[in-house]
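See below for the structure under consideration.
Naming convention: chains lettered A, B, ... in sequence-line order (proteins, then strands); numbering from 1 in each chain. For clarity, every value in this text was computed on a predicted model and none was experimentally measured.
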Number of protein chains: 2
Amino acid sequence: MMMRRGMRQKKKSEFLTEVELEFMTELWALGEGSVRDVLAQLAPDRNLAYTSAATILRIMEQKNFVVSEKRGKVFVYRPLLAKDAYQSKTLRDLSDKLFDGTPASMVARLVDDQGMSEEALTEIRALLDRRLKDNDN
Amino acid sequence: MMMRRGMRQKKKSEFLTEVELEFMTELWALGEGSVRDVLAQLAPDRNLAYTSAATILRIMEQKNFVVSEKRGKVFVYRPLLAKDAYQSKTLRDLSDKLFDGTPASMVARLVDDQGMSEEALTEIRALLDRRLKDNDN
DNA sequence: TTGGCGATACGAAAGTCTTAGTATCTACTT
DNA sequence: AAGTAGATACTAAGACTTTCGTATCGCCAA
């Protein structure tokens with residue numbers, strides 16, 4: 001990449017890669033799990049070697065996305081990154097990069113073509129009302 | 001990547017990379033533009049070589065994200081991918097991968113997230129109201 | 001006609017990601 | 001104590017991304 005001038009700092013990769021998100025999703029669902037636990041949770045046609053899964057989790061630990069703890073004879077991995085927090089971060093990023101930094105336009109696009117049920121829409125409006133009321137206090 | 005069994009098909013990369021999105025954003029804003037046009041549109045501290053920008057646009061054309069047309073002595077690039085469509089596609093993908101396929105939870109997270117202005121919230125509620133009214137008809 | 005300039009094409013270097021093979025380690029069984 | 005099975009560490013190959021340098025092409029002016 002050359003990086004001759006500027007020398008951007010270490011890139012602190014804040015976002016999960018494709019496979020990392022796949023694994024983290026299982027960990028979020030499980031709460032915690034060993035390599036085998038996570039592997040067993042993946043789609044049956046995923047066909048990923050055990051060593052590949054182990055490598056992925058090890059790398060995720062290096063990146064501080066998870067921690068491991070030796071329990072019995074295996075390592076058990078636990079998310080350090082909360083799903084809520086990651087969802088928020090991702091939405092903020094997407095809003096900035098693709099929706100001109102205005103989250104409202106994101107919601108507009110969502111409610112326009114995502115086929116949301118009337119119940120969902122109503123529920124969300126209730127959320128908004130509650131939120132707006134809180135802000136008044 | 002090895003790809004020994006299965007030989008997955010060509011991967012038809014449907015999503016823009018980081019830099020491609022950066023460029024596409026400028027093209028969406030401009031409507032169309034030459035390499036120099038796009039380059040001029042980038043942040044002043046971006047410091048990207050002209051040849052780099054040209055390469056990026058050429059690759060984007062290979063991927064069918066843009067088309068070029070020789071106008072005078074330069075190529076003018078035009079988006080093939082509409083911003084609206086890409087926004088929708090991206091939201092659908094994100095919903096599937098990080099929000100359990102329920103777009104409503106996405107909006108919920110957005111609304112819960114601190115740092116949304118009251119104006120934005122109000123605007124979103126207006127959007128929902130309009131949408132709910134339409135559904136009634 | 002030729003020199004030079006701007007534009008495009010090509011290719012390479014360095015980084016990251018995904019995947020898996022091989023080596024090592026540990027502990028239990030015999 | 002040695003062997004084996006399962007788990008983890010290490011290494012590497014191949015793809016893709018980002019960036020830029022060099023080569024080439026076309027054209028206009030001197």
Side-chain angles (χ1 to χ4, degrees), chain A residues 1-26 33-40 42-43 45-77 97, chain B residues 1-26 33-40 42-43 45-77 97:
Chain A
M1 211 229 296
M2 225 83 308
M3 189 135 305
R4 16 184 77 83
R5 60 178 129 275
M7 192 48 75
R8 214 175 323 300
Q9 75 173 100
K10 201 55 197 319
K11 189 55 196 324
K12 240 182 74 60
S13 65
E14 346 175 22
F15 289 96
L16 300 165
T17 67
E18 191 80 12
V19 175
E20 285 167 359
L21 175 56
E22 186 187 1
F23 272 52
M24 193 61 110
T25 296
E26 307 304 346
S34 65
V35 173
R36 262 190 209 293
D37 293 336
V38 174
L39 204 46
L42 300 178
D45 62 328
R46 183 62 167 81
N47 276 68
L48 190 64
Y50 177 91
T51 57
S52 304
T55 298
I56 290 161
L57 283 170
R58 189 159 35 80
I59 290 173
M60 288 175 76
E61 182 161 33
Q62 279 162 20
K63 294 185 181 176
N64 281 316
F65 290 134
V66 301
V67 264
S68 69
E69 176 198 348
K70 190 110 187 180
R71 194 169 313 163
K73 49 193 56 173
V74 304
F75 280 112
V76 172
Y77 292 87
K97 296 220 176 90
Chain B
M1 209 230 298
M2 224 78 313
M3 188 134 304
R4 23 179 74 83
R5 58 176 135 275
M7 193 47 75
R8 219 174 317 301
Q9 74 175 99
K10 202 56 193 320
K11 189 58 198 320
K12 243 181 71 61
S13 65
E14 341 174 25
F15 289 96
L16 300 165
T17 67
E18 192 79 11
V19 176
E20 284 166 0
L21 175 56
E22 186 188 1
F23 273 53
M24 194 60 109
T25 297
E26 306 305 346
S34 64
V35 173
R36 265 194 204 290
D37 293 335
V38 174
L39 204 46
L42 301 178
D45 61 328
R46 182 59 167 84
N47 277 69
L48 189 65
Y50 178 91
T51 56
S52 304
T55 298
I56 291 161
L57 284 170
R58 190 158 33 80
I59 290 174
M60 288 174 76
E61 181 160 32
Q62 279 162 19
K63 294 185 180 176
N64 281 317
F65 290 135
V66 301
V67 265
S68 68
E69 177 199 348
K70 190 111 188 180
R71 196 170 309 164
K73 49 192 54 175
V74 305
F75 280 112
V76 172
Y77 292 87
K97 296 219 176 91

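One can place CG of A:Leu16 at 10 Å from P of C:dT18, the figure rounded to the nearest angstrom. One interatomic measurement links the two molecules: CZ of A:Phe65 to C1' of C:dT16, which rounds to 13 Å at whole-angstrom precision. Rounded to an integer number of Å, the gap from B:Glu18 CD to C:dC17 P is 12 Å. Between A:Asn47 atom CG and C:dT19 atom P there is a gap of 11 Å when expressed in whole angstrom units. In this structure, A:Ile59 atom CD1 and C:dT16 atom P are separated by 11 Å, rounded to whole Å. When the C1' atom of C:dC28 is taken as reference, atom NZ of A:Lys73 falls 7 Å away, rounded to whole Å. Distance, B:Glu20 CD to D:dT18 P: 6 Å, rounded to whole Å. A straight line from CD of B:Glu61 to P of C:dA7 spans 17 Å, rounded to a whole angstrom.
Residue A:Arg46 places at least one side-chain N or O under 4.0 Å from the OP1 or OP2 atom of C:dT19. Contact annotation: B:Lys63 side-chain N/O to D:dT17 OP1/OP2 distance is under 4.0 Å. When the side-chain nitrogen and oxygen atoms of A:Tyr50 are compared with OP1 and OP2 of D:dT8, one or more of them lie within a distance under 4.0 Å. One finds a side-chain N or O of A:Ser52 lying less than 4.0 angstrom from the OP1 or OP2 phosphate oxygen of C:dA20.
Using a 4.5 Å heavy-atom cutoff, the side chains of A:Thr17 and A:Lys63 are in contact.
When distances run from any side-chain atom of B:Ile56 to the nucleotides C:dT8, D:dA9, D:dT19, the shortest one goes to D:dT19. Comparing D:dT18, D:dC27, C:dT22 by their closest approach to the side chain of A:Thr51 singles out C:dT22. Out of D:dT11, D:dT17, C:dC10, the shortest distance to the side chain of B:Arg58 is found at C:dC10. Relative to the side chain of B:Thr55, the nucleotides C:dA20, C:dG11, C:dT8 differ in distance, and C:dG11 lies closest.
At the heavy-atom level, A:Ala49 lies under 4.0 Å from the strands shown only through sugar-phosphate atoms.
Residue B:Thr17 places no side-chain atom within donor-acceptor reach of the base of D:dC16, judged by atom type and a 3.5 Å distance cut-off alone.
In plain terms, the two heavy atoms of A:Val66 and A:Leu57 that are nearest each other are CG2-O, 4.0 Å. B:Phe15 and B:Glu20 make their closest contact through O-OE1, 4.2 Å (heavy atoms, listed as atom of the first residue, atom of the second, distance).
Remark: A:Phe75 CZ to A:Ser34 OG distance equals 12.0 Å, nearest 0.5 Å. For the atom pair OG1 (B:Thr51) and CD1 (B:Ile56), the distance works out to 9.5 Å, reported to the nearest 0.5 Å.
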